[in-house]
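First listed ligand is number 1; within each ligand, the first listed atom is number 1.
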Amino acid sequence: MKIALITGAAGFLGSHLCDKLLAKGMSVIGMDNLITGSMSNIAHLETNPNFSFINHDVCKHITVEGRLDYILHFASPASPIDYLKIPIQTLKVGALGTHNALGLARAKNARILVASTSEIYGDPLVHPQTEDYFGNVNTIGPRGVYDEAKRYLESITMAYHRYHGVDTRIVRIFNTYGPRMRLNDGRVIPAFMGQAIRGEDLTVFGDGSQTRSFCFVEDEVEGIYRLLLSDYHLPVNIGNPDEISILDFAQEIIELTETDQKIVYEPLPKNDPLQRKPDINKAKQILDWEPQIRRKEGMRRTYSYFKSLTKEELKKVEHRDFTSFKT
Ligand code: UDP
């Protein structure tokens, strides 16, 4: 039985990866310090004999007993609101946390897959984004703490591959959505769905002409799994190329939720990328992967998840403070 360590296991993607690897017959050790993750995402695994959990901050030395075959390094705040609230932790987990995870992979002779992001392309000047595009990131802008942490993650991963011969994989994840996203994480899908459920107007930032391409979590996790098992060590985009403007997307949400919410406009956050769409030819060729779930179906499933949350959970949604975001 293969043994995998997943850092960030109590997060949105981490918890779905736990489910995936367990379903594939692996034994999984989940690790999280619960800053942005939640035990409720992995509560269903508590009685699974092939799953164990360690509460640990990966910025500190990581100790795991026994053999490890795979490490999936997914620990990091990942929404703009989170990394603005905890910018230093975001930089540290991308740098120190990744260094520790790579050191562990080297010590255990394990294969490591690290989670990078479309944010490394910044506000892209190439569209759609191919893996050989170097990106357009403002190092000192509000998003710089995340973007540069993830760019460093890629660099140190390649250095461990080249200089220590560590067996590495790098996935560049584009906007992903689905059940277990936090309703208050500030990202556009939970934001719009939460607003629809609470009967509030939908807040479109800017004029809504900026685009995103949303991938359902089940597709994303399948792509990551295939990359883990592949022998390809350069970065691979995993995302859904079905691009939509945020304004059109708000209208889709109004139709889906069958509410009569109005759209209100708020200022566009600083350095908010104007367009984003993955070129997934590499994933198609190397992994024989492409998304299967259309946005309508994925959104329907995600909305029923949010609607199933209790009133207490819905109330927890904080007022989003964008003050520092917009300066
Ligand atoms: N957005 C919006 N209203 C919201 C939240 C986000 O219009 O209430 C916009 C945001 O400005 C961005 C897009 O939706 O252009 C996606 O934002 P998100 O935070 O989900 O992720 P990003 O792709 O920017 O990292």
Side-chain angles (χ1 to χ4, degrees), residues 12-13 36 76-85 87 90 94 115-124 127-129 135-138 141-151 172-178 181-198 200-217 220 237-254 257 261-278 295 298-299 302 306 317-326:
F12 165 52
L13 280 178
T36 55
S76 176
S79 90
I81 290 295
D82 287 337
Y83 49 76
L84 283 159
K85 265 194 211 148
T90 303
S116 183
T117 164
S118 53
E119 282 285 327
I120 65 108
Y121 300 121
D123 191 5
H127 193 75
Q129 291 79 58
N136 177 36
V137 170
N138 176 4
R143 287 177 178 255
V145 294
Y146 183 64
D147 301 5
E148 293 300 338
K150 290 295 188 180
R151 289 169 69 92
R172 289 187 182 151
I173 299 167
F174 282 66
N175 294 66
T176 302
Y177 69 96
M181 285 188 102
R182 268 174 28 234
L183 202 49
N184 65 350
D185 87 351
R187 282 188 277 195
V188 68
I189 292 174
F192 284 175
M193 289 196 171
Q195 286 161 347
I197 292 171
R198 295 188 304 273
E200 297 166 9
D201 294 335
L202 305 193
T203 50
V204 165
F205 298 161
D207 61 6
S209 62
Q210 72 273 29
T211 68
R212 293 294 184 273
S213 311
F214 298 108
C215 186
F216 190 60
V217 64
E220 186 70 38
N237 290 339
I238 299 285
N240 190 325
D242 187 7
E243 184 183 13
I244 186 169
S245 77
I246 294 300
L247 185 57
D248 288 347
F249 183 60
Q251 262 136 12
E252 273 192 12
I253 297 276
I254 292 171
T257 56
Q261 279 14 85
K262 283 196 277 308
I263 290 172
V264 292
Y265 294 89
E266 289 193 7
L268 190 68
K270 196 168 181 217
N271 297 140
D272 195 294
L274 292 181
Q275 48 180 10
R276 183 182 289 156
K277 169 183 173 165
R295 193 170 53 243
M299 288 298 164
T302 308
F306 283 130
V317 180
E318 309 148 29
H319 177 71
R320 287 164 298 124
D321 178 9
F322 287 102
T323 332
S324 56
F325 204 22
K326 288 179 176 160

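- Set against the non-hydrogen atoms of Val204, the atoms of ligand 1 under 4.0 Å away are 7 (O).
- Annotation for ligand 1: atoms under 4.0 Å from non-hydrogen atoms of Ala191 are 8 (O).
- With ligand atoms numbered from 1 in the order given, ligand 1 contributes 7 (O), 13 (C), 14 (O) to contacts under 4.0 Å with heavy atoms of Ile246.
- At least one heavy atom of Glu119 sits less than 4.0 Å from an atom of ligand 1.
- Looking at Glu220 and Ile173, their side chains come closer than 4.5 Å, going by heavy atoms from C-beta outward.
- The contact set between ligand 1 and Thr203, taken as ligand atoms under 4.0 Å from a residue heavy atom, comprises 2 (C), 3 (N), 4 (C), 7 (O), 8 (O).
- Listed by number with element, the atoms of ligand 1 under 4.0 angstrom from any heavy atom of Pro80 are 19 (O), 25 (O).
- Scanning for salt bridge (charged side-chain N to carboxylate O under 4.0 Å, His left out) contacts around Asp242 gives Arg295, with sequence neighbours left out.
- With a 4.0 Å cut-off on non-hydrogen atoms, Asp272 touches ligand 1 through its side chain and not its backbone.
- Short contacts between ligand 1 and Arg276, defined as distances under 4.0 Å to a heavy atom of the residue, involve ligand atoms 22 (P), 23 (O), 25 (O).
- At a heavy-atom distance under 4.0 Å, only side-chain atoms of Gln210, from C-beta outward, approach ligand 1.
- The proximity of Gln275 to ligand 1, defined as any non-hydrogen pair under 4.0 Å, does not occur for either the backbone or the side chain.
- The part of Asn175 lying near ligand 1 is the side chain, judged by heavy-atom distances below 4.0 Å.
- Using a 4.0 angstrom heavy-atom cutoff, Ser79 does not count as in contact with ligand 1.
- Within the structure, ligand 1 has Phe192 among the residues with a heavy atom less than 4.0 angstrom away.
- A donor-acceptor pair under 3.5 Å links the side-chain atoms of Ser213 to the main chain of Arg276, judged by distance alone.
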